[in-house]
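Read the structure below first, then the notes.
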Amino acid sequence: MIKKSTFQRGILANGIVLLLTLTGIFNTFAKQEVIPEKLSLNTVIIIAMVGITGYACAYPLRKGKPLEPMVNAIFATLWLAVMWVALVWLYSTIDMRFIFQNLTGLNPSPLTFGETVRFVAVEATEIDPLLPIEFGGLVKLIIFCAMMGAISGFAVLLSLRLQLIVGVSAVLTVVLSLISTKINGIITLPDALAFVTAFGLAYLVSWFLNNRRTTPLPQWLLMAVGALVGAFVAVGLLFVGTEEAFARGGILRGIGTAPQIIDMGLRGLIGGLFGVFALTGVAGALAPKAERLSHNTSLYFVMMLIVLGLLNTGGRKLPLETALLIFGVLTLGIALIPSLGKKAESQFVQLARGGKLQSRGIFLFVLAGVVLVAPQFMGVSLANNINLIILYAMLGIGLNVMIGYAGLLDLGFVASIAIGAYTVGILTGPNILTCNGVAINPNLITLDEINQLCTGRIDFWGALPIAVILSAVTGMLLGVPVLGLRGDYLAIVTLGFGEIINRIIYSDKFKPLMGGAQGLSPIPVPEIFLPIGGEEGINLVFGNATSVFYLYIFAILIAIFVTYRLSISRQGRSWRAIRADEDVAEAMGIHTVRTKLMAFMVSSAIGGLGGAILAAQLQSVTPENYKLAFSINVLALVIIGGMGSIPGVILGAVVLAGLPELLRELESYRLLAFGGLLVLVMLVKSEGLLPPAPPRLSEQARLLTHPEPAGTD
Amino acid sequence: MSGEDIQAGRISDATESKLMKFITENTVKNPLRGIFIVLFVFLLYITLSRVLGGEYTIQQIVQQFIFGLSQGSIYALIALGYTLVYGILLMINFAHSEVFMMGAYGGFFAIYPMAESGFLQEHTLLALGLVFLSAMLTSLVTAVLLERIAYRPLRNAPRLVPLITAIGASITLQELAKQLFGASPRRFPDVNYFILPDSGIETCKTVARERICTPGLDLIGGIYDVNFLGLDLRIRPLSFITLFTAVILMFSLWRFIQNTKTGKSMRAVAEDKNTALLMGIDVNRVIVVTFALGAALAGAGAVLARLVPGDNIISPYMGFLPGIKAFTAAVVGGIGNVPGAMFGGLFLGVVEAVGPGLLGLDNQLQDVIAFGLLVSILIFRPTGIFGEVVADKKV
């Protein structure tokens, strides 16, 4: 009845859970609440541990006899329960803190459902009465584990789609509730509902019109209908909206801040309101006939608007009802949107070429608009997190050229980043070079004195190209000695190179130039002067997180454009060829040295660009920031996201750079999760979460590789 | 190429002197080598001028050399783990540095209670034996589990996959150690072992500004001023013990690989995995034994490295630098080559210890020298000094 696979997986799962328990994971998260007074993070972790153990043991048996998975899952989870009980007993008898320093308090803990467990009755003292033996908590634990086993054993029998929808929604709900304090100020529920109404109404009307007619409506008519619906909602808002709605922080908060730059007055605001809603309506009307990507993105965005609005109602804490509502919205969205997207795609392919371009163009326009106003809605801390995600995504795209395209494992990517950052730091910050030969001690000097003394500094825009070029050149020079080597030697040499750079920027020998352990600061903020709008012109200052955002967006667009164009060019095919087999590639006439050096160069240049902007954002450079861990983080996101795929890298950045930043409390477990994920992804899905699509072959090539005629499958 | 060109080549080969050949080889054909040769000559010049100018005395060199030997023997012990695994699986076992770190913790959890209870002071040798055993066992278990869980399922995967898994395993082990044992560094207790109590040698140390002297030679904790061939040296006996122990361990490993049946099957698997399988060798078992042997040596190295008073801190991140340097040592000696790894370790240790002084750099740049050595070895002799011994050249 109990299968061999259950024992194997059970041992592994139990070992992992045991180790995690011994790390004191239940103490670390004791104070985190997912839903106040109802659900703590600890409980969520226990549910996850038991559930995953049961699921993992039941999974191989899902096609067997109907009761088998359940029995095996219950066996595995009961095993877990027994182990936990033994641990609680051991903990109460032996002092293990000498070895396991973080393990303080298994009793009472979520393991015992908050109840004190006593294995031996304690004799009464004068104050306390006799304390009897107590087992209640442990009994509860065993029953709970058996129940979770039964549930997970049942879950494997459900369809994979259902499991995925419910699972993803549940995880997202937990994550959202954990970060709710950070993101609940973005948009109010009425605002969100207004946008959703405009979009949804236009979507429904357009869908209805499409389905009722045999001949498709022209695009312009749909757009007009959508704009009309949007305007209608805007008129409704004007009637319903109060005075406050037009103040800053009300409807159109983003446009509300625009008068800082251009004074538009109330009339302008109302015009903006109509414009924005008409555009929303147009997007909604086009969506049912749009490309799948545009359709799904816009619908997911609308779904997120509802969720954000819902989060905003709860104040600092998230009540149970709201959490359930959010869960419902997410489940519905994740269940419906992909299939709707499929329908939209099927309509989209019937459009004429002009219609396709038009539809794409409008969605790009809406996307650009959303990206441009987004920082006005985010707070500074959220903007910081998003900047970090974009930075990591961009660096990942750079490293992806090496690892994903050319198959060269680079562990010293931080070297390029550091060179970019330090070039900007040296050229624009105070040091012996820019301060006319005077050694600067940043602690003993004021900003005014720096401005007076350090006249050799150039501005950010001058230093940026130098930084990028210098990174590219050093990357290439590093490439030269290691080109002829086997792949894993390359890994260790690049690792060594990264360490050398780190040692050099740390060292006292170069302190006058690079500031040693203290680094260089202040690095001036990038500014752009636009000679428009009156006599003074507009000075755009990228001084805080919400404005540096635009720099990052610009940089990542460049990175994506360059690497994408390269990857589909002859260069990209050469990279893939040497990744597949270097000898064969050489035999086919590919100049392997030049190809590899090109990969080194492009990748380092993007790294340098990222480093330069990072230096400007932090307004300082310190060696502490440019350590091996940085390389490993970027490497991890490329690999987990999917080597060679730009969407994969971006997903990797969101998962690995975004979530831990938002869940600051998980900080201490972040790297552990990194390492574990790396191993797990390699073992289970070594191509990553979003692997690149198989190369598009021409009809001839397809016939050569797959001789069967198309359409048989 | 046409016949005339070949002939012309032959004629020019014959007429060129050896020196000319060397020059063209290293400039036109391989400019990077030329740059490095110029760099070496420059470094040699700095070194000579510093030694001749009296900025760096022979005394300092000898003292650093001895220190370098003991440091290098630890690199060598770790390097063997890399080299054995690489020889068979063609994979850099990045997590080997964490196996070393786990060994240090294993030793610590054995020595600490013994030091507290006084057992260490009474039966020092027995206690040390237990500490070594504990460290080696911890390393061994870690490595074998690692092989079973993370590496074995990927035996036939593309080259990058197990390498990345190894990096992931390395991070996981580091962070797991941090979460399990605490992030704060811990110290190995001081170990003293006195011999020759009647020889008139005294071991003194300053405790709270008072100088306390004990008769006898402290083999492990002591440090002595010795006049050797007219040079005033400050020497730890431990340096020699470390070197001696490491050499014995490495020699036993060498004998094991050369003479036992398991050792022979290890060599067979390293030569050709599939043929070895056909010959009836249990490849999985051999690989496990390889991991276990390398890990046990690393565990022993971890204890040896942490017995030095003043350099006795263990932390979750202690493995990284020795690990990567040991890998450098393995490459320097020729990867897959057991005597090469021993030599490479000692060589790297000495270069690293003597180098900063000779070149007039501060010790912060010590690691730069080690990595510089790695890069230059890879440029001039990618197969290492002793040549590499690895399985199929291409997988």
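Here is the naming used below: chain letters follow the sequence lines, and residue numbers restart at 1 for every chain.
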Between [X] and chain A, which part of the residue has a heavy atom less than 4.5 Å away: side chain, backbone, both or neither?
| X | answer |
| --- | --- |
| B:Tyr112 | side chain |
| B:Leu321 | side chain |
| B:Phe327 | side chain |
| B:Leu374 | side chain |

[atom2] on [Y] to [atom1] on [X], rounded to 0.5 Å:
| X | Y | atom1 | atom2 | answer |
| --- | --- | --- | --- | --- |
| B:Gln174 | A:Phe674 | CD | CZ | 13.5 Å |
| A:Leu411 | B:Leu163 | CG | CG | 7.0 Å |
| A:Leu409 | B:Ile164 | CG | CD1 | 6.0 Å |
| A:Leu671 | B:Gln179 | CG | CD | 9.5 Å |
| B:Arg152 | A:Leu683 | CZ | CG | 13.0 Å |

Within the 4.5 Å heavy-atom criterion, are [X] and [Y] side-chain neighbours or not?
| X | Y | value |
| --- | --- | --- |
| A:Val679 | B:Ile171 | no |
| A:Leu19 | B:Leu180 | yes |
| A:Glu499 | B:Phe320 | yes |
| A:Leu22 | B:Phe181 | no |

Interface moiety of [X] toward chain B, non-hydrogen atoms closer than 4.5 Å:
| X | result |
| --- | --- |
| A:Phe497 | neither |
| A:Leu477 | neither |
| A:Ile632 | side chain |

- Which one, B:Thr328, B:Leu173, B:Ile92, leads in non-hydrogen pairs under 4.5 Å with chain A? B:Ile92

- Most heavy-atom pairs under 4.5 angstrom with chain A, which of B:Leu145, B:Val331, B:Val368? B:Val368

- Return yes when atom CZ of B:Arg148 has more than 12 non-hydrogen atoms of other residues, nucleotides or ligands closer than 6.0 Å, and no otherwise. no

- Message: Is it the case that over 12 heavy atoms from other parts of the model lie below 6.0 angstrom from the OH atom of A:Tyr59?
- Response: no

- Query: What residues form a salt bridge (charged side-chain N to carboxylate O under 4.0 Å, His left out) with A:Glu624, not counting sequence neighbours?
  - Reply: A:Lys627

- Query: Most heavy-atom pairs under 4.5 angstrom with chain B, which of A:Leu678, A:Leu680, A:Ile501?
  - Reply: A:Leu678

- Message: Please give me the minimum heavy-atom distance between A:Ile99 and B:Arg186, naming the atom from each residue.
- Response: O-NH2, 3.2 Å

- Taking B:Thr172 for the side chain and A:Gly676 for the main chain, is one N or O donor matched with an acceptor at less than 3.5 Å? yes

- Task: Identify, with sequence neighbours excluded, every residue that meets ring-ring contact (aromatic ring centres under 6.0 Å, His included) alongside B:Phe347.
- Result: B:Phe343

